[in-house]
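Written below as structure tokens is the structure these notes are about.
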Amino acid sequence: MSERDPKNRSKEWFGTHGKDGFNHRSWMKNQGLPHHLFDGRPVIGICNTWSELTPCNAHFRVLAERVKRGVYEMGGFPLEFPVTSLGETLMRPTTMMFRNLASMDVEESIRANPLDGVVLLVGCDKTTPSLLMGAASCNLPTIAVSGGPMLNGRWRGEEIGSGTHVWKFDEMVKTGDLTLADFMDAEACMSRSIGHCMTMGTASTMASMVEALGIGLPTNAAIPAADSRRNVLAHMAGRRIVEMVKEDLRMSQILTREAFENAVRVNGAIGGSTNAVVHLIAIAGRAGIKLDLGDWDSLGREIPCLVNLMPSGQYLMEDFFYAGGLPVVIKELGENGALNKNAMTVNGEKIWDNVKDAVCYNRDVINSYDSPFKDHGGICVLQGNLAPNGAVIKPSAATPKLMQHRGRAVVFEDIDDYKARVDDPDLDIDETCVMVLKGCGPRGYPGFSEVGNMTLPAKILKRGINDMVRVSDARMSGTAYGTVVLHTAPEAAAGGPLALVRNGDMIELDVAGRRLHLDVSDEELERRRAAWQAPEPPERGYARIYHDHVLQADRGCDFDFLVGNSGAAVPRESH
Ligand code: FES
């Protein structure tokens, strides 16, 4: 195999004479494709995560057609292909378990086929990192196009946000403030248009990361899926990718260290999801860029949260778009020394040139850097004997007075134990306690589920208390909120100290000091460790591969053998 100029990569298939060229062209022509399309023009793959099992991406056939229009206009040859689609709300145990599997599908599908450039259609949470990871391991010219958020949810005169209001309504049902019939009535009102979650959850966060990294076109983050301008964005991506192939502007020229630094800071400024920590570390790993938990803390430490969006705030993505969207946020960072202005983006411009003329139309939604929505937006990275390799907390979603707290541990050994006992009236717990959940990390459960924001016990909610300190090795939905410590590494299932916590132990959380401490002597912890037994691994199949190779949360949960990239070398013909 040899590395080829991507401008000529497809010619290895379509530009040859003899039997092989005949085979490559002839079968394609059964789709009614005329001969001139095989004349060496750029072949653009449209990597589609459309699926009726991924409702957030169910409109992607339309989006793909718009990309094709743009490709044809510029003299390219578009070819759409499906890849594994990860539907957040349906897949069990969790889509996170399959992110790496999907990334392998993407990487191998791109490399194995006659493609010179790729447009990635991404939307629902894991579809963005899985496609970026796979594509980065190939390093062709690439543009990501997000599907866009749903229109604002509306229920009985109230604006309701994806996920965020599910947590709220669930608590209200528990406290008797909402009937089950009303709860179910809200379902259709929350999700009333095409698109992904319209809170600043993981999907909107990752769409913002696409724009901040420069791997998507400006305004990618916020245009609602139902807005005609989303189709225009896809059309323009189709036009631009053909030019990118001709310019040989590859992914590696976009996904630089400077771009990742920008993305981390933007995540702070939008009050973005903690899931972005794991995904960006994994994407950086594929791109050969060093990015670790320490970078998240140091780069995000001084970044204020500018955006007043649920779950941290009041508004939704539709409002964010009308207020000016992500370009306004990036401009604020640039004007305050928190942007690598020269980072290159897919439209061939430096990121500062894309945003310097952005205008804010609503300062309630996008606050200025000098008068932010919240002083601290960045993800805080905690360390201590309970998380030697780190844990994270999102201060913008937490209760300020709980960020310095010492409390008695109430331990749930796994998610089943939590579900069985959390609402037991005899559970020995009050609001000063620290809820601890084990066995939900990357290997636990398995798959690193979004259960870290454990709903509080009903008897505490009924007293009007809606936040407590919670500690786990799990993730949390980007739509969720609370004083929730997540991603403790190493996880309990890998023998991390979380496995050794017992009821009644005292736990200290000091967010300002970046400390998470289990107040138990080293000697006692060693005694407990000697008695600890690792859970049995899955017997077979993908679950076994996953268990044996997934890296811990602080390293992005990629598979150990997938970190890095292999380029876009054309594989040898085998027939
Ligand atoms: Fe798909 Fe939230 S469920 S983005």
Side-chain angles (χ1 to χ4, degrees), residues 48-61 63 83-99 102 120-132 144-153 159-170 186-211 216 220-227 230 267 270-276 278-279 309-312 316-318 320-321 326 394 397 447-453 475-481:
N48 201 343
T49 49
W50 169 86
S51 167
E52 289 179 341
L53 290 168
T54 308
C56 306
N57 298 12
H59 58 299
F60 279 17
R61 282 170 157 175
L63 223 48
V83 289
T84 306
S85 187
L86 305 174
E88 195 65 25
T89 52
L90 299 180
M91 290 189 83
R92 297 182 180 186
T94 163
T95 50
M96 186 62 190
M97 183 165 159
F98 307 110
R99 184 198 66 178
L120 310 173
L121 298 186
V122 299
C124 197
D125 290 17
K126 308 304 178 298
T127 58
T128 302
S130 60
L131 268 59
L132 287 176
V145 176
S146 299
M150 289 186 271
L151 298 174
N152 289 0
E159 301 232 308
I160 58 174
S162 311
T164 302
H165 272 84
V166 181
W167 307 116
K168 285 200 166 95
F169 290 160
D170 184 47
E187 285 177 3
C189 306
M190 180 174 290
S191 310
R192 67 189 181 94
S193 81
I194 56 170
H196 60 66
C197 290
M198 82 314 254
T199 42
M200 187 49 84
T202 303
S204 298
T205 298
M206 291 309 296
S208 300
M209 296 297 92
V210 163
E211 190 171 334
N220 175 77
I223 305 172
D227 192 303
R230 179 61 65 178
N267 185 269
I270 61 174
S273 167
T274 46
N275 285 322
V278 176
H279 297 324
L309 256 60
M310 295 180 204
S312 301
L316 294 165
M317 288 300 286
E318 193 180 338
F320 184 41
F321 177 55
L326 200 69
K394 180 177 169 181
F448 206 12
S449 282
E450 291 185 329
V451 292
N453 59 312
R475 292 180 302 121
M476 171 172 87
S477 163
T479 64
Y481 48 86

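In what follows, every heavy atom counts, from backbone to side chain, and hydrogens, waters and symmetry copies are set aside. Numbers here simply count residues along the sequence, with the first being 1. Atoms within each ligand, like the ligands themselves, are counted from 1 in listed order.
- By the 6.0 Å and 45° rule, Lys168 stacks over the aromatic ring of Tyr481.
- Near Glu88, meaning under 4.0 Å from any of its heavy atoms, are these atoms of ligand 1: 3 (S).
- Against a heavy-atom cut-off of under 4.0 Å, Cys124 is close to the following atoms of ligand 1: 1 (Fe), 3 (S), 4 (S).
- Contact between Ala221 and Pro149 at its shortest, heavy atoms only, is O-CD, 4.1 Å.
- Tested against Ser273 for a side chain to side chain donor-acceptor pair (under 3.5 Å), the candidates Thr202, Asn267, Thr205 yield a single pass: Thr202.
- Nearest heavy atoms, Lys394 versus Ser312: CE-OG, 3.8 Å.
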Check: Trp167 and Thr479: side-chain hydrogen bond (donor to acceptor under 3.5 Å, both in side chains), yes or no, with the steps?
Finding: CA-CA 9 Å; Trp167 307 116; Thr479 64; 3.2 Å; yes
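- Atoms of ligand 1 found under 4.0 Å from any heavy atom of Asp125 (numbered from 1 in listed order, with element): 2 (Fe), 4 (S).
- Under a 4.0 Å criterion applied to the non-hydrogen atoms of Ala203, ligand 1 contributes the atoms 4 (S).
- Here is the list of ligand 1 atoms found below 4.0 Å of a heavy atom in Thr89: 3 (S).
- Heavy-atom minimum distance, Ala186 versus Ile160: O-CD1, 4.2 Å.
- Counting protein heavy atoms only, atom 2 (Fe) of ligand 1 is closest to Cys197 SG, 2.1 Å.
- Looking at Cys56 against ligand 1, only its side chain comes within 4.0 Å, counting heavy atoms.
- Between atom 1 (Fe) of ligand 1 and His196 there is no N/O/S contact shorter than 2.8 Å.
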